[in-house]
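All remarks here apply to the structure that follows.
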Amino acid sequence: MTDNKKAFYYRPKTDQSNSPMLRWTFVTIGWLFFILGIIGILLPVMPTAPFILLAAGCWARSSRRFHFWLINHKYFGKFVRDWEENHAVPLYAKCLATVMMAASTIMLFYRLPADMMWMAWAVATVCSGVAIYLFRLPNA
């Protein structure tokens, strides 16, 4: 690689556990969250971002290699770095999450029978809380 084209790699601060069993548990759970995040890309009812962030958190406590790979990933890296450094979320992600939560909640109100309407209101309350939390975070 020439001097002009040096690759920038973000070096994370990891807090690895000393227990091998705990590290393997975090590695395994991290892969589970990562796979759920990938599934979330394909399924509109399942979120991607929380699972990718959970995978990053698990790998930060267990595997420098996997954590380094994720934070320097072509698609997920910037998102994870922004979260780890500033707890920041891109504005488009906030808007997309809010629109998807609203659409899902509206579908619940439309599809649930009258005796189950309490569930739709509970989901609407949780989704409203999540949207308020998201928009209080700094923009990435």
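Computation of the quantities below employed the complete heavy-atom set of this structure, encompassing side-chain atoms and omitting hydrogens, waters and symmetry-equivalent molecules.
Under the 30°/60° scheme for interplanar angles, the aromatic rings of F66 and W59 are found to be tilted.
Note on residues 109-132: no pairs pass side-chain hydrogen bond (donor to acceptor under 3.5 Å, both in side chains), not counting sequence neighbours.
Minimum interatomic distance between S62 and V27 (heavy atoms only, all atoms of both residues): OG-CG2, 3.3 Å. Closest approach of D82 to A140, counting heavy atoms only: OD2-CB, 3.2 Å. G40 and T48 make their closest contact through C-OG1, 3.1 Å (heavy atoms, listed as atom of the first residue, atom of the second, distance). The two residues A56 and E84 have their closest heavy-atom pair at CB-OE2, 4.0 Å. F33 and A55 get closest at one heavy-atom pair: CB-N, 3.8 Å.
Expressed to the nearest 0.5 Å, how far CZ of F135 lies from CG of L91 amounts to 6.0 Å. Here C95 contributes atom SG and L134 contributes atom CG; the two are 10.0 Å apart, rounded to the nearest 0.5 Å. We find the CD-NZ distance between E85 and K78 to be 9.0 Å, quoted to the nearest 0.5 Å. The CH2 atom of W24 lies 13.5 Å from the CD1 atom of I29; values are rounded to the nearest 0.5 Å. The distance from atom SG of C127 to atom CD1 of I106, rounded to the nearest 0.5 Å, is 10.5 Å. A distance of 4.0 Å separates CG of L36 from CE of M46, quoted to the nearest 0.5 Å.
No side-chain heavy atom of M101 sits under 4.5 Å from any side-chain heavy atom of S104. Between I52 and V80 the shortest side-chain heavy-atom distance falls below 4.5 Å. Looking at heavy atoms from C-beta onward, I35 lies out of side-chain contact with F51 at the 4.5 angstrom threshold. The shortest side-chain heavy-atom distance between F26 and S19 does not fall under the 4.5 Å cut-off. Side-chain atoms of M119 and L108, non-hydrogen and from C-beta on, never get closer than 4.5 Å to each other.
Hydrophobic clustering keeps L53 apart from M100 (ILVMFWY residues linked when any side-chain heavy atoms are closer than 4.5 Å, directly or through intermediates). Cluster membership for L96 and M107, using ILVMFWY side-chain heavy atoms within less than 4.5 angstrom, is not shared.
Here F34 and W69 bring their ring centres to under 6.0 angstrom of each other.
Using modelled atom types, one side-chain atom of R61 and one backbone atom of G57 make a donor-acceptor pair closer than 3.5 Å.
Residue-environment remark: OH (Y133) stays at or below the threshold of 12 foreign heavy atoms within 6.0 Å.
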Steps toward side chain to side chain contact (heavy atoms under 4.5 Å, CB included) verdict (F79, L70): CA-CA 10 Å; F79 180 72; L70 186 58; over 6 Å; no

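By the side-chain hydrogen bond (donor to acceptor under 3.5 Å, both in side chains) test, N139 is found to be paired with K94, residues two or more places apart in sequence or in another chain being considered.
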